[in-house]
Each structure stands twice: as structure tokens, then as C-alpha cells.
Amino acid sequence: MSKLWGGRFEQTASEWVDEFGASIHFDAQLVLEDIEGSIAHVTMLGEQHILTADEVAQIVAGLKTLAKKAQASELTFNVFHEDIHMNLEALLHEEIGPVAGKIHTARSRNDQVATDMHLYLKRRVLETIEGIEAVQTALYDHAAQNVESIMPGYTHLQRAQPVSLAHHLLAYFWMLERDKERFSDSLKRIDMSPLGAGALAGTTFPIDRHRSAELLGFANVYPNSLDAVSDRDFILEFLSNASLLMMHLSRFCEELILWSSEEYRFITISDVFSTGSSMMPQKKNPDMAELVRGKSGRVVGNLMGLLTIMKGLPLAYNKDLQEDKEGMFDTVKTLQGSLSIMAGMIQDMTFHTDTMKQATERDFSNATELADYLTAKGMPFREAHEVTGTLVRYCIDHRLYLAELPIETYHAHSGLIEQDVYEALSPVTAVKRRNSYGGTGFDSVRTQLSEAKAKLPTNV
Ligand code: ARG
């Protein structure tokens, strides 16, 4: 067997060199996109009278046979042919004979591989958006049930002010909404055809790049052939959007891990998404949440990897670019897995709203309420802060909470405090009343819920 470029070479590469240079182990995943790209290219060549109608018919029929075989996992690829493009050309040759060699007229593997990846990523991004929506729906469903469930809100991981559980869950909903927007926005840069850019400089054949783009369903065509074959921004953007998404999922997982611990007891993660210990019989570990948190690391790593590959590359194509694929495939797989795990795990999760509520009653997260109460009665906020701080210290010294202080003690600190202070100190009141737009008050959260619902597909 000789290489496609055999004419120029005297010696053949050793097997281990072929092995090192090959990408077929991973770019075989692009088989259907590659065939699709070739069919569009050849169809356009026929329309432009660069190939005859008969040649086009033979090539397209051969490619369709290969697509069927690929779907039935009947194709065998060979490292000798290095990548998916040359493997398919060799297989097409076996299928239809020498006319297969015409497929590469006015095309290079450089525009071919870029086309494959644009086609591939466009589909994966649409699937990612659906995957995000499934997680959002799971969050939304719990939020809708828990507007009036209250829990401690934290800053510095210290109890700060009580919040509605729905409000906390919806915070993640909005992070995911931004992720969705970023992925959708990236589509216009993915939805571009590099096909027909040739190796780097275009071609002398009278091709119609807009037509092949149209046949492939691309909305646009790269206006510069050098850029078309060497641009990987669309993959970097995907990896960057994926990193942000994974970072959001990872933050939520961190909370789920904490909340499911004995220290919190805020939630129970269902058995389906937990594992036991091989040694400690009592253990039930939040492994899936930990894995999603962990996998965010590899996605960020994939982003760093490709950025580093790209930063020193002169125009146009360089073989370094073959290294763009594994991180992309790995990220796609990681996102698919993480999003389905998250959707299922959230759906099946039990929230112990009684424990959450009790937690808000055994802390000082209502101190701001007392300061606001005094401020509402005319005391300057700074002074109210001071009086409240003194009362909190008094409570700590006497092992009490603010709601347990007798009215006499309050009177001793400020004549403004009356019996109604106890109502103001109740955590439910504290949450219920925070109805500034975007706040945790029950009415505000209901408004937020309807805004969230409008972002979801209509079947929710
Ligand atoms: N397998 C190659 C890649 O993934 C295809 C393009 C090869 N082009 C070349 N001039 N060697 O990048």
C-alpha cells in the first residue's frame, strides 16, 4: 500500500511513526460528518461542472454505502491511513474504484477537517442546551414547591440571613440560563463553513462555497481561506462555555455534598446517585456529586490545553491542530454525562425543609432584622447596628438567641423596642418581607419563578 502522497516520497514511514501521527483512534467519531461534508462537496462540484453527473452519482452512492456501514459499525479503519479523511477515501476506492480519487478535487484535508468539526460541534451544542434545560427544569420544579421553605443563607460559609429555598435553587437556575445563552450565542460562530478554503489559499476551480455551505445547512461561509482552515476559536469558545457550565455545576455539587452531610442534614441524595463504602457499613457517599465536581477540572484542563496549543501557531494549518480533537470529544462526553447525572440527581433529591427551618431558629441570622427594626423606628442604622451587636454579645455570653431575650432586657438596651420585636425576629418574617426585586421575599420569589418558567421549553 502506498500513501496518498506516495509520489513525492522515496522512503515509507515506520509503523511506530504512523502510529504517532495518526488521529484515526479518535477522529473516527467524525465519520458521519466527514461523509456528509464529502457528499455536499461533490454535489457542488457536479453543479459547477467540475465533475460529471455520472462521477457524482457514483461517488455519492459509494459514500452513502459507507455511511450505512458506519452506522452498522461495519467499517474497519487502518492506522496506515492516518485519519478519518484518508481512511474514508481508501474505503471509497475499495467501494467504487479509481473515480473515488476525484472526491478530493478542490479540497484539502485542512478545510475538510475544519468542516467536520463545525458540523459536529453545532449538533453537540444544541444537545448541550437541551441538557442544561433538563437541569433547569429539575431546579425549577423543586423551587416551585419550596417558595415558603426557609433555610439559612450564608456568606463566608457563616450563617448570614435566612432565605427561601426556592431562591437558593433559582440562583443556580440563572447561572445555567447564562450558560445556555452563551452556548446559543456561540452557535453563530460555529455555524460557518470553511469548506472550499483548500489547503490555505482557496482554489483555481470554479467552486461555489456558498452552495456547499447551503447543502450542509451552514448559515455562513468563512470570508478568508487562511482563517477558515486555522481557526479553532469555535472550539475554544465551546471549551470555555463548557468550563463555566462545569464550574457552576461543581459549585452546586459542593453544596449538595455539604448539605447531605451529617453536619447539615438538609438533603438526602437518592440511593441511585450514591454509593456505599467497601469497609464502613454505615456509609452513603455523594459520589456522583463529587465526580461532577471533579470532572470540572478536566474540562478546564481541556480549555487550557487548546489555548496553549493555539497561542504560538503561525498561519495557516499546522499539524498541532490535530490535537484539538481529544479535548473537545472528552468535553462533549463529560458534559453529556454531568448534565444527565445532575438532572436525575436533583429530580430525585429530598429536601429536609424542617431541618433547614430549625437551623434558621438556632442562630443569629435575624440580627439584621433587629437592626432594621430599630432603624424603622427612627434610630440611625449605625447606632442600631451597635445596639444589636451588643445584644448579640449579651446573648452569646448568656447562651441565648435573640428571640429568647425577655422584653425587659430589650428595654434596658433601647426604649424603642416593643413587644412586636418578636414577630420581626422570626426567620419566616425576615424572609417573607424581603420583597425588593430579586430579593428572597415570598412575593419576589414568585415573580422570579414566573420569569424562570418563561425561559423553559413550553412543556414545563
Ligand atoms: N488529521 C488531521 C487533523 O486532524 C487532518 C488535517 C491534516 N492536514 C495536513 N495538512 N496534515 O488535523
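Here the structure is a predicted model, which is why all the values come from computation and not from measurement. Every heavy atom of this structure was used, including side-chain atoms; hydrogens, water molecules and symmetry mates were not. Both counts, for ligands and for their atoms, begin at 1 and track the order of listing.
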Please determine, by modelled atom types, if K325 and Q29 share a side-chain donor-acceptor pair under 3.5 angstrom. no
Under 4.0 Å from one or more heavy atoms of S23, ligand 1 contributes atoms 1 (N)
Quick one: does K325 get an N or O within less than 3.5 Å of an N or O on ligand 1? yes
Students should be able to answer this: which protein heavy-atom is nearest to atom 10 (N) of ligand 1, and at what distance? N110 OD1, 3.1 Å
Protein heavy-atom partner closest to atom 5 (C) of ligand 1 - residue, atom, separation in Å: D83 OD2, 3.5 Å
Donor-acceptor contact present, side-chain H118 to main-chain I190, <3.5 Å: yes
What are the two closest heavy atoms between W174 and Q448, and how far apart are they? NE1-OE1, 3.0 Å
If you take the centroid of each ring, where Trp contributes its six-membered ring, are F351 and H168 closer together than 6.0 Å? no
N318 side chain to D320 main-chain N or O, any donor-acceptor pair under 3.5 Å? no
What is the nearest protein non-hydrogen atom to atom 12 (O) of ligand 1, stated with its residue, atom name and distance? Y317 OH, 2.5 Å
Please check whether Q322 reaches ligand 1 - meaning an N/O of the residue sits under 3.5 Å from an N/O of the ligand, judged on distance alone. yes
Tell me the protein heavy atom at minimum distance from atom 11 (N) of ligand 1, and give that distance in Å. R109 NH2, 3.3 Å
